[in-house]
Amino acid sequence: VELLSCAQHRNLVMLLGYCDEKDHRMLVYEFVCNRSLDWHLSSNNPNVLEWASRHKIAVGAARGLRYLHEECRVGCIVHRDMRPNN
């Protein structure tokens, strides 16, 4: 968890803290006010994203992953569970 708190990039949600007490484990991330990517890509969203916006999001996600894998100052971090809803 301490390793993740060192990862800071404009395309990553920042880890603010955590709880690890008995049976309670929780990661606390900064609030994302524009909903999840999953919501923006779903058919429930009345405003369908244009392909240019989808491309921009994909490039931003790729830049965030490259930072974690290759550029992070604390070493390589592998995400392992990248999905639009997390």
Side-chain angles (χ1 to χ4, degrees):
V1 173
E2 292 176 24
L3 186 72
L4 290 176
S5 65
C6 295
Q8 296 179 354
H9 187 271
R10 67 176 291 186
N11 297 101
L12 300 175
V13 179
M14 188 183 310
L15 177 66
L16 300 176
Y18 67 95
C19 175
D20 185 12
E21 297 178 4
K22 298 181 182 177
D23 294 335
H24 304 287
R25 291 184 177 178
M26 179 186 328
L27 297 176
V28 180
Y29 289 95
E30 68 180 307
F31 177 70
V32 178
C33 62
N34 294 326
R35 295 192 158 187
S36 69
L37 177 58
D38 185 45
W39 184 85
H40 286 284
L41 296 176
S42 76
S43 59
N44 296 332
N45 180 2
N47 302 318
V48 177
L49 286 176
E50 299 290 330
W51 282 108
S53 297
R54 291 171 185 249
H55 181 263
K56 184 177 179 181
I57 290 167
V59 169
R63 286 183 177 146
L65 285 174
R66 180 184 64 206
Y67 168 79
L68 289 175
H69 292 175
E70 300 173 3
E71 301 168 2
C72 189
R73 61 189 164 115
V74 294
C76 178
I77 298 174
V78 178
H79 190 284
R80 292 182 30 193
D81 190 23
M82 185 169 167
R83 295 174 285 148
N85 61 347
N86 64 0

For residues Y67 and L12, determine if any side-chain heavy atom of one lies less than 4.5 Å from a side-chain heavy atom of the other. yes
Any side-chain heavy atom of R54 sitting closer than 4.5 Å to one from L41? yes
Interatomic distance, NE2@H55 vs CG@L49, rounded to 0.5 Å, equals 14.0 Å
Mind checking the NE2-CZ spacing from H40 to R35? Nearest 0.5 Å is all I need. 7.5 Å
Heavy atoms from other residues, nucleotides or ligands near CD of E50 exceed 12 (cutoff 6.0 Å): no
If you group Ile, Leu, Val, Met, Phe, Trp and Tyr by side-chain heavy-atom gaps below 4.5 Å, do Y18 and V32 land in one group? yes
With clusters defined by side-chain heavy atoms of hydrophobic residues (ILVMFWY) lying less than 4.5 Å apart, directly or transitively, does L65 cluster with V59? no
Working to the nearest 0.5 Å, report the span between CD of E30 and CG of L15. 10.0 Å
For the atom pair NZ (K22) and CG (D20), what is the distance rounded to the nearest 0.5 Å? 12.5 Å
